[in-house]
Amino acid sequence: MIRVVIVGALGGDEGKGKCVDEMVNYAKSQNDGKRIVTIRYQGGANAGHTLYVQGKDGKLKRFITHSAPSGLASNVDCAVGPDVAFDPLQFYEELKEAKQIFDYKGKILISERTGVLLDYHKQLDAWRESNEKRKIGTTKSGIGPFYEDNARRTTRITFKDYVSDKFTHRLKDVLELKKTELEKIGIKSDEYHDKILKEHDDVRKQLAPFAQRLEYRMQEYVENGDHVIIEGSQGSLLDVNMGTIPDITSSHLLAPHAFPSLGLSRKDFKIICVEKVYPTRVGEGYLPTLQTDGFGAQTVKRGGEFGATTGRQRRVGYPDWLLAKRAALLNDADLFYITRTDVVSGQELKVCVEYDVDGKKIAEVPLDISTVKPVYLEKTYKFKLWDGHEDVSNVLDIHEKLEPLRKKIVEGGYDNLPKELKEYIEEHDKFIGCKTVGISLGPATGETVLRTELL
Ligand code: GDP
């Protein structure tokens with residue numbers, strides 16, 4: 001039975017969506033007649049999980065989810081927790097898209113407590129990004145203003161209100177409470193209220209059957225012995241308290257936060273940190289091991305390092321085990337899942353294990369990481385999955401060529417991995433204090449060497 005929480009160890013875009021899909025696949029392979037549910041517990045449409053899955057015609061298809069849990073791509077149950085910034089229009093679009101690609105028969109559950117993100121949140125976010133002096137580099141999806149409204153309490157519109165007759169009054173009240181702020185960015189409440197109502201009229205009806213007291217439904221999955229896969233949306237460096245303040249997101253994304261909001265118990269779950277071999281960041285925010293040319297430029301090109309939500313180029317650094325170790329600590333991690341080994345196949349890797357702060361070496365991550373210099377191990381690592389340095393950025397074009405090579409490695413299992421890669425993994429795990437359960441060598445589901453005995 002699979003019971004996991006999957007969370008990003010670094011600056012986001014680590015491949016959490018793919019890891020979720022691998023777990024769904026593994027759960028399906030048990031053929032035990034049990035249900036499988038994937039759950040989003042925080043964040044909103046600022047996340048973008050890209051999945052490559054087999055379509056009905058057997059061809060590889062790209063599938064991107066922003067609002068919906070990754071399980072949407074594989075017809076399993078999908079749930080949305082109360083701490084999510086829920087964008088109903090975006091969610092409904094994703095539902096429709098899933099219907100076109102797959103025969104969608106899964107069940108959707110949305111906590112009645114989940115707050116609803118509306119147009120004014122996005123407009124406020126975009127206005128701040130364009131007009132304020134200190135920018136965060138957000139995706140302009142409205143996440144910051146949404147969580148401010150949640151914290152203010154009176155300005156939170158719950159999903160239950162949204163799908164009920166109360167919506168029109170609640171919206172009026174909230175627009176009134178936010179009047180001064182909204183007028184500043186050119187929103188006048190009367191006609192705006194009617195515009196929102198009209199825009200949401202159909203979607204409210206479509207989504208109404210999904211409202212649930214989610215904490216009780218979650219208990220039912222657990223008691224029934226079902227597979228429960230919980231997914232985080234961002235990387236640990238972006239956590240509202242423990243991230244690189246102020247270049248962070250506005251939610252509590254560390255894995256242990258999932259349990260109280262979903263009514264689940266930590267003891268029933270394994271926590272998996274997903275770590276790209278090399279850290280990346282999009283938007284503002286520092287990376288101590290940042291490489292702008294050489295390794296960095298090559299990796300951006302070979303790995304196609306561009307964000308799923310905004311298309312912005314990600315910045316790349318050398319492996320930073322100190323950041324990964326801190327992610328293990330903060331997330332109470334049991335296991336790691338390492339992605340993008342194919343991108344760095346054949347490249348020399350330096351590994352950061354300490355920081356230099358004003359000439360003093362420390363093995364801790366300080367509040368302000370823009371002041372630190374990386375201290376690398378003298379030893380460097382290099383592993384090769386296959387001959388040649390393939391550019392894997394054009395995933396769909398290169399797939400046919402690399403699929404047999406990847407398949408052979410997956411079939412060989414962990415013991416038959418190139419010894420230099422095993423050495424990297426073993427030394428990484430020793431440093432971090434957690435075992436690596438999956439080594440991903442390609443973007444598609446199935447392209448992972450899974451050590452299922454660790455699950
Ligand atoms: P997420 O938000 O953490 O799910 O990550 P994104 O979807 O934003 O970005 C991860 C990208 O990396 C996706 O396009 C994945 O398909 C891709 N990916 C995941 N694992 C691997 C891997 O091992 N190799 C390659 N080449 N791509 C991978």
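Indexing begins at 1, ligand by ligand and atom by atom, following the structure's order. Because only heavy atoms are used, hydrogens play no part in the values below, and waters and symmetry mates are left out as well, while side chains stay in.
The contact set between ligand 1 and L441, taken as ligand atoms under 4.0 Å from a residue heavy atom, comprises 23 (O). In summary, the atoms of ligand 1 found under 4.0 Å from a heavy atom of R314, numbered by their order in the structure, are 8 (O), 9 (O). For ligand 1 and Y52, the ligand atoms under 4.0 Å from any heavy atom of the residue are 14 (O), 16 (O). Listed by atom number, the atoms of ligand 1 under 4.0 Å from K18 heavy atoms are 19 (C), 20 (N). Counting atoms of ligand 1 from 1 in the listed order, those under 4.0 Å from a heavy atom of S440 are 20 (N), 21 (C), 22 (C), 23 (O).
Comment: K28 does not engage D21 in a salt bridge, judged by the lack of any side-chain N to carboxylate O separation of less than 4.0 angstrom. Using a 4.0 Å cut-off between a side-chain N of Lys or Arg and a carboxylate O of Asp or Glu, E220 and R217 qualify as a salt bridge. Salt-bridge annotation for E93 and K96: present, with a side-chain N of the basic residue lying under 4.0 Å from a carboxylate O of the acidic one. Ion pairing of D429 with K422 is absent here, as no side-chain N (NZ or NE/NH1/NH2) approaches a carboxylate O to less than 4.0 Å.
Pairs passing the ring pair (Phe, Tyr, Trp, His ring centres under 6.0 Å) check and including a residue from residues 431-455, sequence neighbours excluded, read W321-F431. Within the structure, the ring pair (Phe, Tyr, Trp, His ring centres under 6.0 Å) test picks out the following pairs touching residues 265-285 (sequence neighbours left out): F259-F269.
Distances shorter than 4.0 angstrom do not occur between any heavy atom of G8 and any atom of ligand 1. Using a 4.0 Å cutoff on heavy atoms, E305 does not count as a contact of ligand 1.
With a 6.0 Å radius and a threshold of 12 heavy atoms from other residues, nucleotides or ligands, K135 has its NZ atom above the threshold. Within 6.0 Å of the CD atom in Q206, the count of heavy atoms belonging to other residues, nucleotides or ligands exceeds 12.
In terms of polar-atom proximity, defined here as any N/O pair under 3.5 Å, T339 makes no such contact with ligand 1. Checked against a 3.5 angstrom limit, the closest N/O atoms of G442 and ligand 1 fall inside it. For K16, a nitrogen or oxygen atom sits less than 3.5 Å from a nitrogen or oxygen atom of ligand 1, counting backbone and side chain alike. Considering backbone and side-chain atoms together, D13 places an N or O closer than 3.5 Å to an N or O of ligand 1. Considering backbone and side-chain N/O of R340, one or more are found under 3.5 Å from N/O of ligand 1. Between G17 and ligand 1, a contact under 3.5 Å exists for at least one N or O pair.
H252 and H257 have tilted rings, their planes meeting at an angle from 30° to 60° on a 0 to 90° scale.
Contact annotation for D342 and ligand 1: only side-chain heavy atoms (C-beta onward) come within less than 4.0 Å of the ligand. Neither the backbone nor the side chain of L51 comes within contact range of ligand 1; no heavy atom lies under 4.0 Å.
The distance between the ring centers of F336 and H428 falls below 6.0 angstrom.
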